[in-house]
Amino acid sequence: MGQRQLFCLGRALLRRSKILVLDEATASINNTTDSILQRTIRSEFANCTVITVARRIPTVMDCTMVLAISDGKLVEYDEPMELMKREGSLFGQLVKEYWSHYHSAESH
């Protein structure tokens, strides 16, 4: 799984696309491979607009901006660190939940 996404990403690299849209591009790969791909995307597409649809928190933590959507409606849009500082932020809540599950899974 994930081979089609990797093939499309390779094609975008070869074409030197100016806009890259990733819709759950790394959903079918493990976290280690996802991390490698995210670093590659950040470096190889540094001068491009990258729009990423993601459910994995680490995938978007180093993005310039995050747009959070709930029930099909825009809830918040700002830099990830700014959203995390905000009281009642949906994104901040998702980050806390992710890391609490991540750390509890590590301890088992």
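- Arg42 is linked by a salt bridge (charged side-chain N to carboxylate O under 4.0 Å, His left out) to Asp62, counting only residues two or more places apart in sequence or in another chain.
- Transitive grouping of hydrophobic side chains (ILVMFWY, heavy atoms separated by less than 4.5 Å) keeps Ile57 and Ile69 in distinct clusters.
- Using a 4.5 Å heavy-atom threshold, the side chains of Lys96 and Gln93 count as separate.
- A distance of 5.0 Å separates CE of Met61 from CZ of Phe91, quoted to the nearest 0.5 Å.
- The shortest distance between side-chain heavy atoms of Leu90 and Ser70 falls below 4.5 Å.
- Of all heavy-atom pairs between Leu67 and Leu74, the closest is CG-CD1, 3.4 Å.
- Residue Ile51 shares its hydrophobic cluster (ILVMFWY side chains chained together at separations under 4.5 Å) with Ile19, Val21.
- Checked against side chain to side chain contact (heavy atoms under 4.5 Å, CB included), Met65 has the following partners two or more places apart in sequence or in another chain: Tyr77, Asp78, Glu79.
- For Glu76 against Ser89, the heavy-atom pair with the smallest separation is OE2-OG, 2.9 Å.
- Closest non-hydrogen pair, Pro80 versus Val60, comes out as CG-O, 3.9 Å.
- Linking ILVMFWY residues whenever their side-chain heavy atoms come closer than 4.5 Å, directly or via other members, places Val75 and Leu94 in the same cluster.
- In this structure, the separation between CG on Leu20 and CD1 on Ile41 is 6.5 Å, given to the nearest 0.5 Å.
- Distance CZ/Phe45 to CG/Leu13: 4.0 Å, rounded to 0.5 Å.
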